Protein chains: 2
Amino acid sequence: MRIALLQSVSSALNPDTNFDALMVAAERAAAAGAQVLITPELFATGYVPEQLGAWLAREKIAGFAERFAAIARASGIAIVGSYPAARAVTRSTTSAAGDDSETDYEIRAGLWDDAGKKLVEYAKVHLWSASEHAVFQPANALSEIVVLHGRRVALQICYDIEFAEPARALASRGAEILFVPTAIDAGGRYVAETIVPARAAENGIYVAYVNHASLTGDVSDFLGGSVAVGPEGVRLAQAAAAPEMLIVDVPESGRVADSADYLGDRRPEVYAAWEADSRAAQEGR
Amino acid sequence: MRIALLQSVSSALNPDTNFDALMVAAERAAAAGAQVLITPELFATGYVPEQLGAWLAREKIAGFAERFAAIARASGIAIVGSYPAARAVTRSTTSAAGDDSETDYEIRAGLWDDAGKKLVEYAKVHLWSASEHAVFQPANALSEIVVLHGRRVALQICYDIEFAEPARALASRGAEILFVPTAIDAGGRYVAETIVPARAAENGIYVAYVNHASLTGDVSDFLGGSVAVGPEGVRLAQAAAAPEMLIVDVPESGRVADSADYLGDRRPEVYAAWEADSRAAQEGR
């Protein structure tokens, strides 16, 4: 499978600009033979949680999913798009229906196929920092695993992959490739260079980790450093800081000859006992 | 805490030679101000599982623990020693007591303090390859966490650390530093360079990973590459392939300012639900 990692710069709170840029990128990726294009986290609005709190409203974001779908359809390439979304909430309230103060928002990523059909949608489970918690609610569900061009793929978002647990759960369920929109700055260099390759290595899977580009080179700006990695942590491609679209061929089989069978050699019954002990100890605190 | 990583060459099936070498190394490490010396996996006999099957007998290995203790006492430095050990087994059998065919062997590591007192002993949970499974039985228990010179330390052995679960369980229980005797060849370079640093990063802990040295430089020989790493995956020191004793100061606090709080931000109740789903699916297969 040929994949495209779109290390781009989103315009803050200008979805029209961002979707226009995505259309151009999708056509380029399709022309390069890529079968899926992956965007960074919150591509649609830019990763600006501090500004999103005041900006977000249901009507502003209601069309995002359909716009990703339309671009996938028009350019003939599957797309992993990330955007803020309103969560369907049923709650008892005395306030008027439709009041935005009653809306829970999530950081979401969706995968649409090249006909614009939504294959899977996922909402971030591990929120990063107070700025995200102030605006978004965390989700609790793993991504479903879906088949794209014959490969079993699933989604994570940014901080999720810094925890071993969800990638392990996805790999144990049969995921071969994780698509991971992200937004990290220079302080997160060890994530792109150490943790993400370890997730691929320890599960014998591929991971495409797609970050925003830096325009300024400041340490407070985004890192860039988008990376595609595979079994044994081998880097297939890694971007520098500037805007760039990486085109990467993901090999057919994730299994390296004579390599460790991590999923087969793990000891889930032993871990379950340890975890039960941990939780008992935690509850006893 | 100052620690010494003994990247050495053990003489196969010659424990006397190996303990003599350890005495010399322990005195050197103590003279360098180190408070603990860590040996590679199965230091006492050499890492030769193919030969150990025929060689092992209770009486040959019964004194190993006491020899590590005696060297710690004599040199005034704590020691992490690794060796094959007989497991206490209660089983109904019709054969004569003491029959070696009835003995279960484990790959073990122990930590003795500078007075020769055993602080903790641990047996490998994740056995590597058919050659280990042919000779040894896997254990099921995490290392206890013990205090050494004011730091909460615990043990793992080799393949154990390639799985995220046990390091996570130890860190969740408060371990600050893991001492990990290992035995890997050049095929395991990604373990020393990617997975071990990720374990430190993703748990905000320190890991000292101590391998056998290479004498030949062949890819089939040991890798060397012993490494001490900390939070954010920062390498404190890393050895090349040749025999070397690394002396490393482990900083007082593992917490990097403004760094991710991985243990605080994990979502154990969500993971427990996923794990229950996984096991249900596995049992249904």
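Being a predicted model, the structure only gives us computed values, none of them experimental. Residue numbering restarts at 1 for every chain, and letters A, B, ... go by the order of the sequence lines.
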Would you say [X] and [Y] make side-chain contact, with heavy atoms under 4.5 Å?
X	Y	value
Leu236(B)	Tyr206(B)	yes
Leu56(A)	Phe136(A)	yes
Glu165(A)	Arg168(B)	yes

Option that, when pairs with chain B are counted at under 4.5 Å, heavy atom only, ranks first among Asp277(A), Val196(A), Thr194(A): Thr194(A)
Most chain B-contacting option - heavy-atom pairs closer than 4.5 Å, from Asp265(A), Val191(A), Asn203(A):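 That would be Asp265(A).
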Whether over 12 other heavy atoms sit under 6.0 Å from Gln137(A) CD: yes
Which atoms of [X] are under 4.5 Å from chain B, going by heavy atoms: the side chain, the backbone, both sets, or neither?
X	value
Ala200(A)	neither
Arg199(A)	side chain
Tyr262(A)	both
Glu269(A)	both

Gln7(B) side chain vs Gly225(B) backbone, donor-acceptor pair below 3.5 Å: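 Between the backbone of Gly225(B) and the side chain of Gln7(B) there is a qualifying donor-acceptor contact (under 3.5 Å).
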Residue of the set Val153(B), Leu148(B), Val146(B), Ile145(B) for which side-chain contact (heavy atoms from CB on, under 4.5 Å) holds with Val120(B): Val146(B)
Whether Trp274(A) and Tyr271(A) hold their rings parallel, tilted or perpendicular, with breakpoints at 30° and 60°: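 Because their plane-to-plane angle lies in the 30° to 60° range, the rings of Trp274(A) and Tyr271(A) count as tilted.
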Top contributor to chain A interface from Arg267(B), Glu193(B), Glu162(B), Glu275(B) [non-hydrogen pairs under 4.5 Å]: Arg267(B)
Chain A interface, residue from Ala272(B), Pro166(B), Ala164(B) that has the most non-hydrogen pairs under 4.5 Å: Pro166(B)
Chain A-proximal positions within residues 123-133 of chain B [heavy-atom distance under 4.5 Å]: Val125(B), His126(B), Trp128(B)
Residues Phe43(A), Tyr47(A); criterion ring pair (Phe, Tyr, Trp, His ring centres under 6.0 Å); working and verdict: CA-CA 7 Å; Phe43(A) 172 87; Tyr47(A) 181 81; over 10 Å; no
Interface moiety of Ala273(B) toward chain A, non-hydrogen atoms closer than 4.5 Å: neither
Heavy-atom proximity to chain A below 4.5 Å, by part of Ala139(B):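 Just its backbone gets close to chain A.
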Shortest non-hydrogen contact from [X] to [Y]?
X	Y	value
Tyr83(A)	Gly110(A)	CE2-N, 4.2 Å
Ala171(A)	Ile205(A)	CB-CG2, 4.1 Å
Leu142(B)	Ala169(B)	CD1-CB, 3.6 Å

